[in-house]
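Contents: one structure, followed by commentary.
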Protein chains: 2
Amino acid sequence: MPTPKSLLERAFSLLSVFTVDRPAVTLSELSRHSGLPLSTTHRLVTSLVELRALDRAPNGRYRVGLRLLELGALSPGSLDLRDRALPFLEDLYEVTRHNVQLAVRDGTEVVYVERISARDAVNVVTRVGSRMPLHCTGVGLVLLAAAPVAVQDAVLAAPLKRYTARTIASPQELRESLARVRRDGYAISDRQIELITYSVAAPVRGPDGDVVAAVSVVVPTGTRTDTVVPAVRTCGLAISRALGWASGAP
Amino acid sequence: MPTPKSLLERAFSLLSVFTVDRPAVTLSELSRHSGLPLSTTHRLVTSLVELRALDRAPNGRYRVGLRLLELGALSPGSLDLRDRALPFLEDLYEVTRHNVQLAVRDGTEVVYVERISARDAVNVVTRVGSRMPLHCTGVGLVLLAAAPVAVQDAVLAAPLKRYTARTIASPQELRESLARVRRDGYAISDRQIELITYSVAAPVRGPDGDVVAAVSVVVPTGTRTDTVVPAVRTCGLAISRALGWASGAP
DNA sequence: GTCAGGTTTCCGGTGAGTGGAAGACTGGGC
DNA sequence: GCCCAGTCTTCCACTCACCGGAAACCTGAC
C-alpha cells in the first residue's frame, strides 16, 4: 500500500484488505495491512460501519457489509445481463455439466459476474467478483479481441503473467490468438491456467452489436471440442438475442 | 438526503443515488439527487471513478463500478453461504419450480443474497442485494424470530409497513407470528406482499446452531402447503449441515 | 497478578476538501 | 449556419473536518 492521501483512497485501502482468503479481520489487522495509523483506521472503520459498508461480527472482527453487496448488484452486468443470461447459462450447464461462467471486461482485466459450478468441478479458481488477466482466459481473449485498440495496446505492452508452460507469453503470440478469435468468433484457452483444463468462450453482444460480455465453459483436458464449441457459441448468441441484439443488423 | 457532513457520508449519498430503476445517471443528476453542489459532486465522482467504485459509460453516464461487485462478493453470506447453499437451492427449485431465495438479516431488514427464479416467475419483487422489511416476508419472520431481543423490540416499536390487506400490521399480531415460527421451525408469509402469492421459509443454521440465513420459496396462492413446507425445511436443514451444523448438538 | 495485544478516547494543528463562479463544451431548435 | 439551455470542467482562497501521537482502557492468557 503506497500511503494513500485522500480520505476516499484511505477508505478503499481499508476495504481492499478484505479478500477471499481473508474475509474477516480485526481492527489492528486492518491497520497493519492498510498501512494506516491505528487511530485513523479506528475512526474510518467506525464511519464505514455506520454507513453499513462494513459490519462488525459478534466476535469483534470486521466483515464487508451488505450495503456493498447491494451496491455491487447494481454494477453493469449484474443488473440486466445477469438476470437475462442465467437461464441460458443453466442450459449450457445442463449440456456440459462443467463450470459455466459469464464475465465482463473492466479495464485490462476480466471480472466474473456469474458462475454455475458443478459440484465436482474441475476448477475453483474463479468466483463471482473475482478478476483475472485478459490474455490467458477464454473469456479474456474474447473480450480483448473486441476491446478498443488502446486497451489491446496496453495489454500487449505490459508483461504477460504466466500460469503454466502453455500460457501465452509473447505479444506476438497474443496478437495471433486475438486474430484467430476475431476470425472464428470464439476462443479456446488451452491449459493456460491449469494443465488439467481448457476453456471455450464466446462473445455476448448488446443491442448495438458491441461485445458486452463473454460466456465460457471450463472442461477437463481431453474433452472433445466439437461438442463444447457449438454449445458455447449457441449460448452466447442466445444471450445476445435476449439482450436485444438482432443478428441481421450490420 | 439530510445534508451529510463527512466525506464518506457524501460519497455514500452519491452511491445511494443508484438504484435498480436508475442504474446509470449523469453528473448533474447525481448532484441533484444527492443534494451535493455540482462541483463537489464532480470532484468526488472523479475520485470514485479512479478507485473503480464508479464507472463512466461511453455515453457519459456514470454506473456502479465492478470494484463494488468485487467487494460485495466478500460480504457475509456471499462468500461461504452462497457457494455451499446453491446446489441445495437448485434442488429446491427442481422440486417446486418457483422462485427460490436465500436471505440474511442486516439490522432490521432482510437482504437477499441469492435467488433462483423461474422463467415464468409469479413475482419479480426481489433481486440479489435488494432489501425488504422483516415483518412481512417469510425469510424475514424466520430471521426475526431468531434475532436478538433488541432487534425484535426495534421492529415491534417501529411502524409496520403495509403492502396488502393481509400484511401483519400490529405488534401483537407480529409477536404471535414470531412465537409460531419459533414453535414450528418454519414461517409462512401468506399474501403479505402480493395477494397472488405466499412464501414458505425455513432457517439455515451455522456450525454453532445460530440462525445465519433463511431459505424460502414463493408460490402462487392456492398451492398446497403440505408439499412445499417439507421441501423448504429439508433444504434449510441440508444447507445447515453443509455449513457444519450438527443437528445432535444442543 | 502481570503482561501483551487489541481497542477506544482525546485534542491541537493543519492541509485536504469545499463550493461559488466563470469558462468550455455539447446538441437541439430554428 | 447561429443561438441558447443544459451539462460538464477548471480554478482558487477559505476553513473546518480530518489527522495521528499518546495515553487510558479493556480483554484474555499464563
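A, B, ... follow the sequence lines: proteins, then strands. Residue 1 opens every chain.
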| message | Would you say that B/Ser31 contacts B/Leu36 through its side chain, given a criterion of any heavy-atom pair below 4.5 Å between the two side chains? | response | no
| query | For B/Arg63, which residues count as a salt bridge (charged side-chain N to carboxylate O under 4.0 Å, His left out) partner, sequence neighbours excluded? | reply | none
| said: With each end axis built from five pairs of C1' atoms, what bend angle do you get for the helix from C/dG1-D/dC30 to C/dC30-D/dG1? Round to 10°. | reply: 40°
| Under the salt bridge (charged side-chain N to carboxylate O under 4.0 Å, His left out) test, residues paired with A/Arg56 that sit two or more places apart | none
| Is it true that a side-chain atom of A/Gln152 and a backbone atom of A/Leu144 form a donor plus acceptor pair closer than 3.5 Å? | yes
| field | Partners meeting side chain to side chain donor-acceptor pair (under 3.5 Å) with B/Glu50 (sequence neighbours left out) | value | none
| Whole Å only: how far is the CZ atom of A/Arg61 from the C1' atom of C/dT7? | 14 Å
| remark: side chain to side chain donor-acceptor pair (under 3.5 Å) filter on A/Glu114, not counting sequence neighbours, yields A/Arg82
Got a list of protein N/O to nucleotides 17-19 of chain D N/O distances below 3.5 Å?
| from | atom 1 | to | atom 2 | distance (Å) |
| --- | --- | --- | --- | --- |
| D/dC18 | OP1 | B/Leu7 | N | 3.2 |
| D/dC19 | OP1 | A/Arg10 | NE | 3.4 |
| D/dC19 | OP2 | A/Arg43 | NH1 | 2.2 |
| D/dC19 | OP2 | A/Arg43 | NH2 | 3.3 |

| Checking B/His135 side chain against B/Lys161 main chain: does a donor-acceptor pair fall under 3.5 Å? | yes
| message | Going by salt bridge (Lys or Arg N to Asp or Glu O under 4.0 Å), name the pairs with one or both residues in residues 16-37 of chain B, residues two or more places apart or in two chains. | response | B/Glu29-B/Arg61
| request: Sequence neighbours left out, what passes side chain to side chain donor-acceptor pair (under 3.5 Å) with B/Glu109? Give chain and number order. | output: B/Arg131
| Any residue meeting side chain to side chain donor-acceptor pair (under 3.5 Å) with B/Ser75, in chain and number order, not counting sequence neighbours | B/Ser78
| field | Partners passing salt bridge (charged side-chain N to carboxylate O under 4.0 Å, His left out) against B/Arg67 (at least two apart in sequence or in another chain) | value | B/Glu70
| Spacing between B/His42 atom NE2 and C/dA21 atom P, to the nearest angstrom | 19 Å
| message | If the threshold is 4.0 Å, N to carboxylate O, is there a salt bridge linking A/Asp106 and B/Arg52? | response | yes
| query | Name the one of A/Leu30, A/Val64, A/Leu68, A/Leu44 that satisfies side chain to side chain contact (heavy atoms under 4.5 Å, CB included) with A/Leu15? | reply | A/Leu68
| remark: Nucleotide by nucleotide, nucleotides 22-30 of chain D touches protein heavy atoms under 4.0 Å in the pattern (B base, S sugar-phosphate only, - none) B--------
| field | Of residues 22-32 of chain B, the positions that come close to DNA chain D - non-hydrogen atoms, cut-off under 4.0 Å | value | B/Thr26, B/Leu27, B/Ser28, B/Arg32
| query | Reckon B/Arg56 touches a base, only the sugar-phosphate, or nothing at all at heavy-atom distances under 4.0 Å? | reply | sugar-phosphate
